[in-house]
Amino acid sequence: MTSDPNCIFCRIVSGAAPAAIIYDDAKSMAFMDAMPQSIGHALIIPKRHAETIYDIDADEAEMLIDRVRRIAAAIRQSIKPDGLMVAQFNGAAAGQTVGHIHFHLIPRYEGVDLKRHANTLAKPEELAALRDRIRVALKN
Ligand code: 5GP
Ligand code: ZN
């Protein structure tokens with residue numbers, strides 16, 4: 001299966017669901033997390049529906065980590081967090097709540113605790129403003 005109509009991330013890929021999209025190419029997409037744990041929290045996904053790290057091959061893994069690297073650099077340049085956490089959960093026991101593999105890029109700020117995982121929706125206009133800033137950095 002390359003797309004699952006019941007999957008929220010497949011719906012973002014197809015355009016059926018909205019998202020603040022930072023980056024989009026033939027195989028991957030990056031967008032702002034709708035319930036960010038910190039300012040600038042972004043997600044990187046393969047466009048193809050794959051549930052976990054056990055469902056991707058070496059080429060797809062390499063492609064995804066390269067996108068993680070590129071978006072991380074753009075977040076650092078544009079948002080200037082004190083640190084940046086990369087996280088990827090497989091299975092509910094590990095905290096996975098969306099069954100389409102994704103990498104979290106979570107900026108960290110000195111003295112600021114993370115908000116709870118997948119808990120509070122951010123304002124769309126705030127996510128759009130962060131998306132715009134990161135996109136500018138991606139083009140540089
Ligand atoms: P997981 O727990 O599966 O690693 O993370 C899923 C992430 O997706 C969470 O951080 C959650 O806030 C985010 N998320 C869930 N639904 C949506 C959505 O519809 N749009 C966006 N942009 N993010 C979502
Ligand atoms: Zn999917």
Side-chain angles (χ1 to χ4, degrees):
M1 184 194 338
T2 57
S3 181
D4 177 349
N6 299 313
C7 167
I8 181 60
F9 289 175
C10 284
R11 288 170 55 76
I12 289 172
V13 169
S14 74
I21 296 169
I22 303 164
Y23 175 85
D24 185 8
D25 67 22
K27 292 183 174 171
S28 69
M29 191 179 250
F31 47 86
M32 304 310 297
D33 195 296
M35 292 168 273
Q37 291 188 255
S38 71
I39 292 170
H41 183 170
L43 301 172
I44 285 85
I45 65 166
K47 285 193 167 174
R48 183 182 81 85
H49 182 82
E51 196 166 332
T52 70
I53 200 157
Y54 310 121
D55 303 309
I56 62 172
D57 64 16
D59 285 345
E60 197 163 30
E62 195 175 328
M63 180 276 293
L64 286 169
I65 204 68
D66 175 66
R67 304 306 184 266
V68 167
R69 181 187 67 81
R70 286 161 62 183
I71 308 296
I75 289 174
R76 179 168 74 158
Q77 196 184 321
S78 57
I79 300 179
K80 300 184 170 57
D82 298 313
L84 183 79
M85 189 169 100
V86 178
Q88 194 275 309
F89 306 144
N90 300 285
Q96 185 174 16
T97 59
V98 174
H100 181 135
I101 187 172
H102 49 280
F103 289 81
H104 294 263
L105 289 188
I106 306 182
R108 298 301 309 265
Y109 306 90
E110 293 290 355
V112 180
D113 289 337
L114 286 185
K115 291 190 188 151
R116 281 182 57 193
H117 182 63
N119 189 251
T120 308
L121 279 170
K123 293 195 178 94
E125 58 269 28
E126 285 174 11
L127 297 181
L130 287 159
R131 172 205 58 202
D132 290 348
R133 286 169 61 191
I134 300 168
R135 282 181 71 117
V136 168
L138 258 184
K139 287 184 188 134
N140 292 335

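Positions are given from 1 along the sequence. Heavy atoms only: backbone and side chains are in, while hydrogens, waters and symmetry mates are out. Numbering of ligands and ligand atoms starts at 1, following listing order.
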Would you mind checking which non-hydrogen protein atom is closest to atom 23 (N) of ligand 1, with the distance to 0.1 Å? Ala34 N, 3.2 Å
For Glu62, does the CD atom sit with more than 12 other heavy atoms under 6.0 Å from it, leaving out its own atoms? no
Show your working on salt bridge (Lys or Arg N to Asp or Glu O under 4.0 Å) between Arg69 and Asp66 and close with a plain yes or no. CA-CA 5 Å; Arg69 181 187 67 81; Asp66 175 66; 2.8 Å; yes
Decide if atom CZ of Arg76 counts as having more than 12 heavy atoms of other residues, nucleotides or ligands within a radius under 6.0 Å. no
When His104 is tested against each of Val86, Val68, Asp33 for side chain to side chain contact (heavy atoms under 4.5 Å, CB included), which residue passes? Asp33
Do side-chain atoms of Ser38 reach the backbone of Ile106 as a donor and acceptor pair under 3.5 angstrom? no
N/O separation below 3.5 Å, Val98 to ligand 1: yes
Give me the nearest non-hydrogen protein atom to atom 5 (O) of ligand 1 as residue plus atom name, then the distance to 0.1 Å. His102 NE2, 3.0 Å
What do the steps show when you test Asp24 against Lys47 for salt bridge (Lys or Arg N to Asp or Glu O under 4.0 Å), and what is the final call? CA-CA 9 Å; Asp24 185 8; Lys47 285 193 167 174; 2.5 Å; yes
Numbering as shown, the atoms of ligand 1 that approach Phe31 to under 4.0 Å (heavy-atom distance): 22 (N)
Show your reasoning for whether side chain to side chain contact (heavy atoms under 4.5 Å, CB included) applies to Val13 and Ile45. CA-CA 9 Å; Val13 169; Ile45 65 166; 3.6 Å; yes
Report the angle formed at the Zn ion (ligand 2) by atom SG of Cys7 and atom ND1 of His49, rounding to the nearest 10°. 110°
Protein contact to atom 22 (N) of ligand 1 [nearest heavy atom, distance to 0.1 Å]: Met32 O, 2.9 Å
Nearest-0.5 Å distance that lies between atom CZ in Phe89 and atom CD1 in Ile101: 12.5 Å
Check whether any heavy atom of Leu43 sits under 4.0 Å from an atom of ligand 1. yes
Of all the non-hydrogen atoms in the protein, which one sits nearest to atom 3 (O) of ligand 1, and at what distance? Thr97 N, 2.7 Å
Between Gln37 and ligand 1, which part of the residue brings a heavy atom under 4.0 Å of the ligand: side chain, backbone, both or neither? neither
Closest protein heavy atom (residue, atom, distance) for atom 8 (O) of ligand 1: Phe9 CZ, 3.5 Å
Determine, using heavy atoms of Ile12 and all atoms of ligand 1, whether some pair is separated by less than 4.0 Å. yes
Is the distance between the ring centroids of Phe31 and Tyr23 under 6.0 Å? no
Starting from atom 2 (O) of ligand 1, locate the nearest protein heavy atom and write down its residue, its atom name and how far away it is, to 0.1 Å. His117 NE2, 2.5 Å
Looking at His100, the N/O/S atom that lies nearest to the Zn ion (ligand 2) is called ND1
The closest protein heavy-atom partner of atom 11 (C) of ligand 1 is Asp33 OD1, 3.3 Å
Does any N or O of ligand 1 fall below 3.5 Å from an N or O anywhere on Gly95, backbone included? yes
More than 12 heavy atoms from other groups under 6.0 Å of CD1 on Ile39: no
Nearest non-hydrogen protein atom to atom 15 (C) of ligand 1, with distance, is Met35 CE, 3.6 Å
So, regarding His104 and ligand 1 (criterion: nitrogen or oxygen to nitrogen or oxygen, under 3.5 Å), is there a contact or not? yes
If you count the atoms of ligand 1 from 1 in the order shown, which ones are under 4.0 Å from a heavy atom of Ala118? 9 (C), 11 (C), 12 (O)
What are the two closest heavy atoms between Ala122 and Pro36, and how far apart are they? CB-CD, 3.6 Å
